[in-house]
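Below is one structure, written out as structure tokens; comments come after it.
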Amino acid sequence: MAFMASLTPSAPSRSTPSPVLTVGFDLDMTLIDSRPGIRAAFLALSAETGVPIDADLAVTRLGPPLDRELAHWFPEDRIAEVGDRYREMYPDFAITPTTALPGAREAVAAVRASGGRVIVVTAKYEPNAKLHLAHLGIEPDDVIGSLWAEGKAEALRAHGASVYVGDHTGDVRGARAAGALSVAVPTGPCDEAELRAAGADVVLPDLTAFPAWVRAYAAGVAGADAESEAADLA
């Protein structure tokens, strides 16, 4: 299997990692394909409020906080109210249609098999993030919600994460702000070139490539060398 490598010569200094390997994952379009569920939730919100929402367009730009998407459709003075209503409706419409992305369960299992811990750090409302994971049988050690881009660094540092895996340039920025290795997968709205340009240390084609990579990383091989060794193991 070919791996897409990206090296960043000016990467920030690493924070002190936990003695136990701790890997953080983003949720939407990294571990789960939430597009069908979010589309259904937006359509239900549109029907209830009478405000037209292009749900098909909305699901092409998942990653940033909900309020940023709602700002495309609602006036500023309604965003807080409508956001609360969306989060309330969400479990009824968005959980069941959502699926795990290929390799998601195996990626989590690979971290555990390497003696590590798994955390999920997401911009999604935390109770709804936990519902997704429980429904799909993905069991991280902790879930931290309502954090976006550089804001994710707070949770990554607190848990001693040395790696953060995400699909968005905001995830890359969060990893770099935390001094964690940024592992990116172009399974969401950002392609390989965008992720590399944002400073991703490693770009994998998707999470099916992650188990081999993390085995090499946990064995003490860093950066592009880990990608090369992982390719030999795949």
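Side-chain contact of Asp167 with Thr30: a donor-acceptor pair under 3.5 Å is present, judged by distance alone. A side-chain N or O of Lys124 and one of Tyr90 form a donor-acceptor pair less than 3.5 Å apart.
Here the side chains of Thr122 and Leu147 are not in contact, with every heavy-atom distance at 4.5 Å or above. In this structure, Val111 and Phe210 have side chains that are in contact, with non-hydrogen atoms separated by less than 4.5 Å. Side-chain contact check for Phe93 versus Tyr86: every heavy-atom pair is 4.5 Å or farther apart. Between Asp56 and Arg39 there is a side-chain heavy-atom pair separated by less than 4.5 Å. Counting only heavy atoms from C-beta outward, the side chains of Leu27 and Phe25 never approach each other to under 4.5 Å. A heavy-atom distance below 4.5 Å is not found between the side chains of Val202 and Ser182. When side chains are defined from C-beta on, Arg35 counts as touching Met29, because their heavy atoms get closer than 4.5 Å. Between Trp213 and Val183, some side-chain heavy-atom pair lies under the 4.5 Å cut-off.
Sorted by first then second residue, the side-chain hydrogen bond (donor to acceptor under 3.5 Å, both in side chains) pairs that include residues 92-114, not counting sequence neighbours, are Arg112-Asp141.
Atom CZ of Arg78 is separated from atom OG1 of Thr49 by 6.0 Å, given to the nearest 0.5 angstrom. Taking CD from Glu88 and CG from Leu45, the interatomic distance works out to 11.0 Å, rounded to the nearest 0.5 Å. Atom CD1 of residue Ile79 and atom CG of residue Asp84 lie 12.0 Å apart, to the nearest 0.5 angstrom. Taking CD1 from Ile144 and NZ from Lys152, the interatomic distance works out to 10.5 Å, rounded to the nearest 0.5 Å. To the nearest 0.5 Å, atoms CG (Leu21) and CZ (Arg117) are separated by 10.5 Å.
Tyr164 and Ala175 get closest at one heavy-atom pair: CB-CB, 3.8 Å. Considering every non-hydrogen atom in both Ser146 and Glu126, the closest pair reads OG-N, 4.4 Å. Nearest heavy-atom pair across Ile119 and Ala155 is CD1-O, 4.4 Å. The minimum heavy-atom distance linking Cys190 with Thr169 is given by the pair SG-N, 3.6 Å. Ala200 and Ala184 get closest at one heavy-atom pair: CB-CB, 3.9 Å. The two residues Leu207 and Pro102 have their closest heavy-atom pair at CB-O, 3.6 Å.
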(request) List the steps and the verdict of side chain to side chain contact (heavy atoms under 4.5 Å, CB included) for Leu195 and Val172. (result) CA-CA 7 Å; Leu195 295 166; Val172 177; 4.1 Å; yes
(message) Between Val165 and Asp26, is the side chain to side chain contact (heavy atoms under 4.5 Å, CB included) condition met? List the steps.
(response) CA-CA 6 Å; Val165 185; Asp26 176 50; over 6 Å; no
(request) Could you walk me through whether Arg61 and His168 pass the side chain to side chain contact (heavy atoms under 4.5 Å, CB included) test, one step at a time? (result) CA-CA 10 Å; Arg61 49 194 183 201; His168 199 284; over 6 Å; no
(request) Check step by step if side chain to side chain contact (heavy atoms under 4.5 Å, CB included) holds for Leu31 and Leu101. (result) CA-CA 6 Å; Leu31 288 172; Leu101 280 166; over 6 Å; no
(message) Between Thr187 and Asp206, does the side chain to side chain donor-acceptor pair (under 3.5 Å) criterion hold? Intermediate values first, please.
(response) CA-CA 6 Å; Thr187 49; Asp206 56 36; over 6 Å; no
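Residue-environment remark: CD (Glu154) stays at or below the threshold of 12 foreign heavy atoms within 6.0 Å. Atom CZ of Phe74 is surrounded by more than 12 heavy atoms from other residues, nucleotides or ligands within 6.0 Å.
Ion pairing between Arg85 and Glu81 fails under the 4.0 Å rule for side-chain N and carboxylate O.
Ile32 and Ile95 fall into different hydrophobic clusters, where Ile, Leu, Val, Met, Phe, Trp and Tyr are joined by side-chain heavy atoms under 4.5 Å apart, directly or via other members. When the side chains of ILVMFWY residues are joined at heavy-atom separations under 4.5 Å, either directly or via intervening members, Leu70 and Tyr125 end up in two distinct hydrophobic clusters. A continuous path of ILVMFWY side-chain contacts below 4.5 Å connects Leu136 to Val143, so both sit in one hydrophobic cluster. In the hydrophobic cluster analysis, where Ile, Leu, Val, Met, Phe, Trp and Tyr join through side-chain heavy atoms closer than 4.5 angstrom, Leu43 is grouped apart from Leu66. Linking ILVMFWY residues whenever their side-chain heavy atoms come closer than 4.5 Å, directly or via other members, places Met89 and Ile53 in the same cluster.
At distances below 3.5 Å, at least one donor-acceptor pair connects side-chain atoms of Glu194 with backbone N or O atoms of Asp191. Although no hydrogens or angles enter the test, the distance criterion places a donor-acceptor pair under 3.5 Å between the side chain of Ser46 and the main chain of Val51.
Legend: residues meeting salt bridge (Lys or Arg N to Asp or Glu O under 4.0 Å) with Asp54, ordered by chain and number and at least two apart, are absent. Remark: Glu139 engages no residue in a salt bridge (Lys or Arg N to Asp or Glu O under 4.0 Å) (not counting sequence neighbours).
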